[in-house]
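All values derive from a computational prediction rather than experimental measurement. Just so it is clear, the values below take in all heavy atoms, side chains as well, and ignore hydrogens, waters and symmetry mates.
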2 protein chains.
Amino acid sequence: MSITDLQFNIDRDSKTPMWLQIRNELFNCLYRDELRPGQLIPNEKTLVDLFNVSIGTVRKAVGALEKEGFLIRKQGLGTFVFQHDKSTFHFAYFHFALNGTDEISYPEVEFISFETKKATKYEAKILNISPGSNVYQIFNKLGINKKNYIVDKIIISQAKFPTLTEEIFKNRANTIYNLYQNKFNIFITNCSEKLKATSADKTVSALLNVKLDSPILRIERIGQTYHNETIELRTSFVHTDDIDYVNTQNSTFGDTF
Amino acid sequence: MSITDLQFNIDRDSKTPMWLQIRNELFNCLYRDELRPGQLIPNEKTLVDLFNVSIGTVRKAVGALEKEGFLIRKQGLGTFVFQHDKSTFHFAYFHFALNGTDEISYPEVEFISFETKKATKYEAKILNISPGSNVYQIFNKLGINKKNYIVDKIIISQAKFPTLTEEIFKNRANTIYNLYQNKFNIFITNCSEKLKATSADKTVSALLNVKLDSPILRIERIGQTYHNETIELRTSFVHTDDIDYVNTQNSTFGDTF
DNA sequence: TATATTATATCATATATATGAATTTCTACT
DNA sequence: AGTAGAAATTCATATATATGATATAATATA
């Protein structure tokens, strides 16, 4: 079933503009997986025929999804569905820069452990699963320039990744989100992070080679899909003596929609 | 001298698109102060005549500046230059939410102190002034629901705010950025923040009523103008037991330009 | 005077169309 | 086989125009 076989209903008398209706229809195709990450979407002329509108209206709809980050337009080539990748990961999700610099460098990732355990009450609440159901708990160390600064604890529901094993996780050739996307058909579209200052407990101090009770930046990131289904709870413990968490607002402010 | 009297040169043969040239000309008007915060800019028809292009091209240029946050379009009313205000401040610059919630509430600000001192080497470097030149150092306490969580230290160059006094600062009716904007003609357009975990020193522990060496989130924010001239160095010390620093990426990612 | 109606100004949506730029694919030539 | 050039595909820019939606201002009416 190709997208070009689908029937779309654009209500010309609706109070919601046609371009927005088209944007929503295309968005639905994305999360219903009728358009998959990396895939080429139909060209503008085809979309014009499909939706029976003018090309300007199609361009406005596609432009909105491009601005939101779901589509990537390439002149002379076509429009593609965004996919997680080493190149795209970078700016979107990694917020650390070495002291004194503003450059965000790509982190080195080192696997620590992979285990199955029962979800805590809090984890279950966040992941919207029953307390006590199985989750994978994965630890990684992240570093820059051969020095480790970050311990990552990932919690994901086993039910959503039934075939995941330590081997598959360790042997992935790309980013973790790319693994979710390509092997499990789960596409993380938005993240929100909550930051706190804490101090190093025994585990963290050992892994990061810092003193017990050293100041540690604790980041809790929630990764969600198109319809805000929470997939991943990732807690980072960061030793910030040599690196900063960087957050830049480029313009005065910006409502997405 | 009104903007409508100015002469604009749009090169129709340039490789940079006309809409971008117009966007840049309008942006220049903004930072040259020919269009001031809150001001109504010429309507689309006038801009069409001014730049001698079609209305679609004008709309694309204005749309870009709107997306960047510099202009605010209001249907039926006109297009205005963004201004700092209590209502706009909110989402753009205050990143804290009470534990368990995602709502970012408006903080209560309490003045602590205002003094003139010599810039440290680091402050001078950030503010691009000579070490030892005069700066104002201003302390504030910020709270949510009558409880104080944040101490803010503001450093600004005296040379850029020659007439600023403690009285003027304390008696402002609006936000601090609004004061810069309206009384000193200095408009902060972009901020970048660097976060670290530290621990409470004597001053901070006293002001926030926490134990010495408690974990403290330290945020260094640099506020800049249109051309990235650094105006303000603001360091926040945050007691994060009850509040989180929240950072949300709404879509996969987003290049502004 | 207070309120409802009408007119006006301004941005928003939508169509139709033409030309340009970037990329890939095809084709002909050496 | 390899390369250069032409053709085709696709998105980007730009113009012209018509109609709609929204907010304010002006006017008429009770």
Side-chain angles (χ1 to χ4, degrees), chain A residues 2-4 8-26 35 38-82 255 257, chain B residues 2-4 8-26 35 38-82 255 257:
Chain A
S2 162
I3 178 182
T4 46
F8 293 105
N9 254 339
I10 301 302
D11 179 1
R12 303 184 86 89
D13 300 322
S14 164
K15 59 171 185 167
T16 58
M18 284 157 63
W19 69 263
L20 188 49
Q21 292 182 54
I22 294 171
R23 178 251 169 232
N24 291 338
E25 291 290 344
L26 291 173
L35 290 171
Q39 191 184 331
L40 178 69
I41 77 166
N43 68 38
E44 293 176 347
K45 178 66 175 59
T46 308
L47 292 176
V48 162
D49 295 340
L50 246 147
F51 292 106
N52 202 27
V53 294
S54 76
I55 193 170
T57 307
V58 161
R59 281 188 60 79
K60 180 141 185 178
V62 172
L65 289 166
E66 186 194 30
K67 177 174 131 184
E68 292 174 82
F70 296 119
L71 298 177
I72 315 285
R73 288 203 270 212
K74 292 185 184 170
Q75 187 177 355
L77 206 58
T79 301
F80 300 83
V81 181
F82 174 87
D255 262 334
F257 238 74
Chain B
S2 163
I3 179 183
T4 48
F8 294 104
N9 254 340
I10 302 302
D11 179 1
R12 303 185 87 89
D13 301 321
S14 165
K15 60 171 186 171
T16 58
M18 282 156 63
W19 70 264
L20 187 49
Q21 293 181 51
I22 293 171
R23 178 253 169 231
N24 291 338
E25 292 289 347
L26 289 174
L35 290 171
Q39 191 183 330
L40 178 69
I41 77 165
N43 68 37
E44 294 175 346
K45 178 66 176 59
T46 308
L47 291 176
V48 162
D49 296 339
L50 245 151
F51 291 105
N52 203 26
V53 294
S54 75
I55 194 170
T57 308
V58 161
R59 281 186 60 80
K60 180 140 185 179
V62 172
L65 289 167
E66 185 195 28
K67 176 174 135 189
E68 293 174 80
F70 296 120
L71 297 178
I72 316 285
R73 288 204 269 211
K74 293 185 183 168
Q75 188 176 354
L77 207 58
T79 301
F80 301 83
V81 180
F82 174 86
D255 262 336
F257 239 72

Is the closest side-chain heavy-atom distance between A/Ile22 and A/Ile10 below 4.5 Å?
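A side-chain contact exists here, since the closest heavy-atom pair is under 4.5 Å.
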Which residue pairs pass the salt bridge (Lys or Arg N to Asp or Glu O under 4.0 Å) test with at least one member in residues 45-57 of chain B, sequence neighbours excluded?
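Salt bridge (Lys or Arg N to Asp or Glu O under 4.0 Å) check on residues 45-57 of chain B returns B/Lys45-B/Asp49.
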The side chain of A/Glu44 is closest to which nucleotide in this list: C/dC11, D/dT13, D/dC11?
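Of the candidates, D/dC11 comes closest.
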Tell me which of A/Lys74 and B/Gly76 sits closer to the 5' end of DNA chain C, going by the nucleotide each one is nearest to.
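Looking at the nearest nucleotide for each, B/Gly76 comes out on the 5' side.
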Just to be sure I understand the rule, does A/Lys15 reach a base, reach only the sugar-phosphate, or reach nothing, if contact means heavy atoms closer than 4.0 Å?
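The answer is nothing, as A/Lys15 stays clear of every strand by at least 4.0 Å.
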Counting the atoms with a prime plus P, OP1 and OP2 as sugar-phosphate, which does A/Lys45 contact under 4.0 Å by heavy atoms, base, sugar-phosphate, or nothing?
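Answer is nothing: A/Lys45 stays at 4.0 Å or more from every strand.
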Keeping the roles fixed (side chain from A/Glu44, backbone from A/Val58), state whether a donor-acceptor pair exists under 3.5 Å.
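Here the side-chain-to-backbone pair does not exist.
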Show me the pairs that pass side chain to side chain donor-acceptor pair (under 3.5 Å) and involve residues 71-82 of chain A, at least two apart or across chains.
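The answer is A/Glu66-A/Arg73.
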Can you check the [X] [atom1] to [N] [atom2] distance for me, whole Å?
X       : N      : atom1 : atom2 : result
A/Arg73 : C/dA22 : CZ    : C1'   : 15 Å
B/Glu66 : C/dC11 : CD    : C1'   : 10 Å
A/Leu40 : D/dC11 : CG    : C1'   : 12 Å
B/Ile22 : D/dT13 : CD1   : C1'   : 12 Å
A/Lys60 : D/dC11 : NZ    : P     : 19 Å
A/Gln21 : C/dA12 : CD    : P     : 19 Å
B/Arg23 : D/dA14 : CZ    : P     : 15 Å
A/Asp13 : D/dA21 : CG    : C1'   : 15 Å

Check the pair A/Leu26 / A/Val62 against side chain to side chain contact (heavy atoms under 4.5 Å, CB included), numbers first and verdict last.
CA-CA 8 Å; A/Leu26 291 173; A/Val62 172; 4.2 Å; yes
Strictly below 4.0 Å: does A/Arg59 bring a side-chain N or O up to OP1 or OP2 of D/dC11?
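Result: no.
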D/dT9, OP1 or OP2 - any side-chain N/O from A/Asn43 closer than 4.0 Å?
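Answer no for this pair, as no side-chain N or O of A/Asn43 is under 4.0 Å from OP1 or OP2.
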Polar pairs (N or O, both sides) under 3.5 Å between protein and nucleotides 15-20 of chain C?
| unit_1 | atom_1 | unit_2 | atom_2 | d |
| --- | --- | --- | --- | --- |
| C/dT15 | OP1 | A/Arg12 | NH2 | 2.5 |
| C/dT15 | OP2 | A/Ser54 | N | 2.9 |
| C/dT15 | OP2 | A/Ser54 | OG | 3.0 |
| C/dT15 | OP2 | A/Thr57 | OG1 | 2.6 |
| C/dG20 | N2 | A/Gln75 | NE2 | 3.4 |

Could you walk me through whether A/Ile41 and A/Ile3 satisfy the side chain to side chain contact (heavy atoms under 4.5 Å, CB included) test, starting with their C-alpha distance in whole Å, then the side-chain angles of each, then the deciding distance to 0.1 Å, before giving a yes or no?
CA-CA 8 Å; A/Ile41 77 166; A/Ile3 178 182; 6.0 Å; no
Assess the residue pair B/Leu47 and B/Phe8 against the criterion (side chain to side chain contact (heavy atoms under 4.5 Å, CB included)); give the C-alpha distance rounded to whole Å, side-chain angles, the decisive distance to 0.1 Å, and a yes or no.
CA-CA 10 Å; B/Leu47 291 176; B/Phe8 294 104; over 6 Å; no
